[in-house]
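We number each residue from 1, following the sequence as shown. Note that ligands are numbered from 1 as they come in the structure, with each ligand's atoms numbered from 1 the same way. Quick caveat: nothing in here was measured; it's all calculated off a predicted structure.
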Amino acid sequence: MANAYQALLNHLKVIRNLESSAGLLVWDQQTNMPSAAAEERGEQLATLSHLSHEMFTSSKTLELLDAAQPEIDALPSDSMEARILQVLRYDYQEATKIPSEFVAEMARVTTLAHEVWAKAREANDFGRFAPILQQIVDLTRRQAELLGYKDHPYDALVNMYERGMTTKMLREIFDAHRQPLITLIESIQASQKEVDDSCIHQYFDPAKQKQFAQEMVSAIGFDFNRGRQDIAVHPFQISITRNDIRLTTRFEDHFLNPALFGLMHEAGHGMYEQGVATELMYTGLDSGTSLGVHESQSRMWENIVGRSKEFWQWAYPKLQATFPEQLGKTALDEFYAAINKVEPSFIRVEADEATYNLHILLRFELEVALIEGSLKVEDLPQAWNERFEASFGLLPPTDREGVLQDVHWSGGSIGYFPTYALGNLLSAQYFKRALEEHPQIKQEMTQGNFETLLGWLRHNIHQHGRQYTSEELTQRVTGESIQSRDYLEYLHQKFAGLYNLET
Ligand code: ZN
């Protein structure tokens, strides 16, 4: 490779090494670190992120980009190098829009806000959280101004997580599936079918849960030679490099789902990162392209595969053999109905596939209203409850089960929630395309063979890393933009069977 481009890559490699070292410290913080080390760890992370940010936003980066440009212009415009340079220029522009004083101020307020939020949630006292949430909303508005936008300040925020996505596009996508979801849930409730899910709420030895869950994620294709799994209170996946992917899970004595579906979810994220092309290592493009596409991978393995009848035709006898006392007498159909039970509830993270996106739509509307100033922070609990009742027919008994439940706003992550819903939609959209190309995928699942599906995902999605935006990628893979049609069709098909609905 030519000289100037190589010099750019060398510069990026140092930055990536600082970032991945910070990632390892974050992983350690959440899994192994003694609690007394929290303050120093905060200092260590601040030091590393300051160094990598300084280095990336320095004029040297721009000089190296400019110097490499003529070499890259001599290559075909659709070459990987051309795309790398294009994405790096975009990253550089975005990173240099935010002054470091602002980054420091945001970090200071959100660190404080996390404490305040945790206490307010525990005490069920929104009033305690409101003043600092107001500060975060004000800071976030300033952030939107710094980043810039065309139509709506919220565009700048969502763009940080889902490049190119706008408030208007989100409204269209979300409006198209709000009512169909409500109608589906109503018809499920009207079916009067009572699902007994007591079989998944028995005592399950955590050590055996761990062993079984690891066996499942190995089978679907997570490579434990390039990754590992540990315990964390709030499970997550973190990619140190494509050869070092850390998954975390939590285990509940009397509930199978967190370990089982939680680990398949995180493994879905992890397999995406493991599948990024080797050539992208150290470039800064060596990760998933957006949070929505990332979530499409975790949701596909957790739900579309992990909660399918085909998967359990293969896996259920193994689960029964692991827990003969608990499940030996429970039929596959009963277990399958239990893991797919639909029940409107207050807490997003416990929501089933049919109700999940409604939780997100509610948060999206409130965030947009807060950012444009049409909703005051002090009126948030009431607005939450009104909208919740309109969507779910239920009124949260307390703010703890309502507006105070999520950590995101205290962390300044306004604009993040929509990506969860986009992930669900994309999971169905991509899976449908994979099935069209390889109709045998479902049959293979009944034999514990996931190679065709994973191979398809690797080829069409994983290897590209951040070379394409989610919109570009979705167009390439499915020939259209993100839409809710395929997700609704998937839900209808699945729940029509489970709840004897008319189609
Ligand atoms: Zn996820």
| request: For Gln86, check side-chain contact (heavy atoms from CB on, under 4.5 Å) against everything at least two apart and list the hits. | output: none
| field | Closer than 2.8 Å to the Zn ion (ligand 1) - protein N, O or S atoms, ordered by chain and residue number | value | His265 NE2, His269 NE2, Glu295 OE1
| query | Which atoms form the tightest heavy-atom contact between Ala354 and Leu181, and what is the distance? | reply | O-CD2, 3.6 Å
| said: With a 6.0 Å cut-off (strictly less than), is the heavy-atom count around CD of Gln440, excluding the residue itself, greater than 12? | reply: yes
Show me the donor-acceptor pairs, under 3.5 Å and distance only, between side chains in residues 163-172 and residues at least two apart or in other chains.
unit_1 : atom_1 : unit_2 : atom_2 : d
Thr166 : OG1    : Met169 : N      : 3.1
Thr167 : OG1    : Asp155 : N      : 3.4
Thr167 : OG1    : Asp155 : OD1    : 2.4

| query | Would you call the rings of Trp301 and Phe450 parallel, tilted or perpendicular if under 30° counts as parallel and over 60° as perpendicular? | reply | perpendicular
Distance-only donor-acceptor pairs under 3.5 Å for side chains of residues 252-260, two or more places apart:
unit_1 : atom_1 : unit_2 : atom_2 : d
Glu252 : OE2    : Arg250 : NH1    : 2.6

